[in-house]
Amino acid sequence: MPSGLGVKAGRAFWTFGYLNEHHTHADDFADRPLPYRAFLNKAFNDDGLEVSYVLPTDLYAEIGGGLFRGDDFPFGGATGDGGGAWSAFARIGGDIGADKSWRLGGYVLFGKADAGRNSNEDAVTFIGDSDLYAADLRFTWAPTGNAREREVILQGEYFRRVEDGSYEDSEAVTGAIAFDGKASGWYAQAVYKFLPQWRLGTRYSRLEAAEIPAGLAGSALDSQGHDPEATAVMLDWTNSEFSRVRLQYNHEELSRDQHDDQIMLQYIMSLGAHGAHKY
Amino acid sequence: MKYLLAAITFVAGLGLLLTAPDPASAKMSVFACEPEWASLAEEIGGELVETFAATNAGQDPHYIRARPSLIAKMRKADLVVCSGAGLEVGWLPVLFQKAGSIKVQPGGPGNLMAAELVPMLEKPVALDRSMGDVHPEGNPHVHLNPHNILLVAKELTSRLKTLDPANAGSYQARYANFAATW
């Protein structure tokens with residue numbers, strides 16, 4: 001295998017944005033931000049093949065792409081043979097001095113849901129082409145580059161989904177309505193490790209719903225001009241590499257009349273040896 | 001639109017690939033995990049090597065992230081010099097997997113772990129999780145013993161001579177000078 005070339009095949013969390021590649025137990029919050037919930041159903045976990053290549057440049061640069069069955073959200077109904085979805089990405093990153101580092105990435109994930117993609121507890125079905133664009137930026141700082149005692153991590157991602165096909169809301173009995181529109185969403189988070197075992201984090205996420213055709217008015221897809229948003233604040237205590245306890249408060253306004261306040265207590269425990277996590 | 005985007009990404013990638021410097025004509029690139037090994041490589045290699053220290057003295061090598069700059073430096077490394085014995089186990093394997101060429105992988109000529117060359121102290125007789133973070137191969141902070149530095153310098157010279165035979169004479173001469181003054 002030539003150096004810098006990587007191949008991954010099977011069923012995996014593919015390279016898309018920042019969070020998709022990571023298992024949820026490694027997240028800084030107990031739940032995924034709104035764009036991940038809406039556009040990827042928390043993570044894109046299809047069957048497929050991904051090739052990546054790290055360029056021999058002084059500045060970290062990596063490019064890659066993948067070919068997938070197209071069976072996992074945001075696609076659906078793959079018949080088994082052939083690729084129903086494909087992706088491409090490019091990342092660059094570097095250090096600023098000895099104490100700061102950053103990484104910027106651009107991603108695309110295109111595919112189709114020919115036999116239908118279900119959401120909203122199977123009430124909503126989409127058939128057509130779904131194209132997802134994303135960008136992520138991550139920045140870390142630690143005094144003299146030593147993250148043992150104190151560290152600040154800033155992270156944000158932006159998603160844009162362009163869909164062309166038809167939506168049907170069986171509960172609102174809309175019938176299949178032609179849809180050709182764009183939706184977008186983003187989140188930004190900051191995590192501050194203020195003691196070796198303690199971290200405080202805050203995150204804001206927001207979705208901008210697509211303009212819907214008249215036929216879908218009043219259905220689950222009609223946001224009635226409201227942009228869903230959520231704010232989370234968390235405090236976690238890391239006993240060791242094997243256990244962490246997190247307390248998180250969420251304030252979510254997902255639809256016009258729905259304001260939720262949630263308090264979550266999460267315990268993350270690992271058993272046995274575990275490989276190091278990626279950046 | 002989407003095919004245009006894919007085409008642009010492909011062409012940009014190809015462009016970067018083709019304009020990247022030819023590694024064969026550049027100096028020997030040494031990736032050192034700790035600044036002590038980078039310093040040693042500079043002593044033995046002088047002008048013939050380009051060293052990079054993955055950590056600095058202000059950092060705890062147990063707690064490093066495999067950040068983008070380390071991936072890029074590993075990508076171009078001809079020789080990797082580290083302490084070993086689990087000191088860098090939190091971040092080095094990810095770098096080997098992501099960007100390490102075949103010769104710097106463990107067991108290859110471009111992979112030098114100091115812990116394999118020196119007598120190890122405090123090897124635990126019995127080991128389990130309740131003891132916390134204990135290094136199973138022994139105390140990996142081998143750079144603290146000056147006698148070990150000479151042992152590593154000898155092997156480092158031999159590796160440099162293997163990887164860059166054209167300059168073998170220079171490396172040997174610099175090692176002889178180092179051994180006499182250390």
Side-chain angles (χ1 to χ4, degrees), chain A residues 1-6 52-65 86-96 98-104 106-108 110 129 131 133 138 140 142-149 151 153 162 196 240-242 271-273 275-279, chain B residues 1-3 5-10 12-23 26 29 52-77 88-105 129 132-133:
Chain A
M1 188 73 112
S3 44
L5 196 68
S52 62
Y53 179 66
V54 177
L55 277 68
T57 48
D58 282 334
L59 183 75
Y60 162 76
E62 185 177 2
I63 54 171
W86 63 274
S87 74
F89 68 89
R91 282 175 168 163
I92 54 170
D95 288 344
I96 306 169
D99 56 355
K100 303 181 263 291
S101 73
W102 61 275
R103 194 188 76 186
L104 177 71
Y107 313 81
V108 297
F110 297 146
D129 291 340
D131 297 341
Y133 302 82
R138 184 163 149 107
T140 71
T144 69
N146 184 15
R148 178 112 194 264
E149 320 253 316
E151 188 182 31
I153 301 177
V162 178
S240 71
E241 294 88 351
F242 306 103
L271 295 165
H277 288 137
K278 297 183 257 248
Y279 181 68
Chain B
M1 170 63 194
K2 46 183 157 183
Y3 296 114
L5 202 69
I8 289 171
T9 314
F10 180 77
L14 210 61
L16 274 171
L17 219 84
L18 296 170
T19 55
D22 174 17
S29 176
F52 171 75
T55 63
N56 64 52
Q59 287 173 320
D60 184 339
H62 299 91
Y63 290 84
I64 302 293
R65 289 184 191 281
R67 59 186 194 276
S69 65
L70 297 185
I71 298 173
K73 289 294 190 287
M74 176 63 77
R75 175 73 179 83
K76 300 173 80 172
E88 301 101 0
V89 74
W91 49 279
L92 199 56
V94 177
L95 295 177
F96 281 141
Q97 189 189 51
K98 195 80 200 165
S101 66
I102 202 86
K103 63 177 190 266
V104 303
Q105 301 289 337
R129 283 267 180 260
D133 288 330

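Lettering follows sequence order; numbering is per chain, from 1.
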Heavy-atom distances under 4.5 Å only: say whether [X] touches chain B with side chain, backbone, both or neither.
| X | answer |
| --- | --- |
| A:Asp58 | both |
| A:Glu149 | neither |
| A:Arg138 | side chain |
| A:Ser240 | neither |
| A:Ile92 | neither |

request  = Heavy-atom distances under 4.5 Å only: say whether B:Lys103 touches chain A with side chain, backbone, both or neither.
outcome  =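 Neither part, no heavy atoms under 4.5 Å.
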
Which atom pairs, one a donor and one an acceptor, fall under 3.5 Å between side chains of residues 58-65 of chain B and the rest of the protein, sequence neighbours left out?
from    : atom 1 : to       : atom 2 : distance (Å)
B:Gln59 : OE1    : B:Asn56  : N      : 2.9
B:Gln59 : NE2    : A:Gly145 : O      : 2.7
B:Asp60 : OD1    : B:His62  : N      : 3.1
B:Asp60 : OD1    : B:His62  : ND1    : 2.8
B:Asp60 : OD2    : A:Arg148 : NH1    : 3.4
B:His62 : NE2    : B:His135 : NE2    : 3.3
B:Tyr63 : OH     : A:Arg148 : NE     : 3.4
B:Arg65 : NE     : A:Glu151 : OE2    : 2.8
B:Arg65 : NH2    : A:Glu151 : OE1    : 2.8
B:Arg65 : NH2    : A:Glu151 : OE2    : 3.0

Partner chain A: residue of B:Leu95, B:Ile71, B:Leu92 with the largest heavy-atom pair count (under 4.5 Å):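 Maximum pair count with chain A is reached by B:Ile71.
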
Can you see which heavy atom on [X] is nearest to which on [Y], and at what distance?
| X | Y | result |
| --- | --- | --- |
| B:Gln105 | B:Gly100 | NE2-O, 3.0 Å |
| A:Leu59 | A:Gly93 | CD1-O, 3.3 Å |
| B:Ala77 | B:Val104 | O-CG1, 3.6 Å |

Can you list everything that forms a side-chain contact (heavy atoms from CB on, under 4.5 Å) with A:Ser87? Sequence neighbours excluded, please.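 side-chain contact (heavy atoms from CB on, under 4.5 Å) list for A:Ser87, sorted by chain: A:Phe68, A:Leu109.
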
Problem set entry | Side chains of A:Tyr107 and A:Arg91, donor plus acceptor under 3.5 Å |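 Short answer, yes.
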
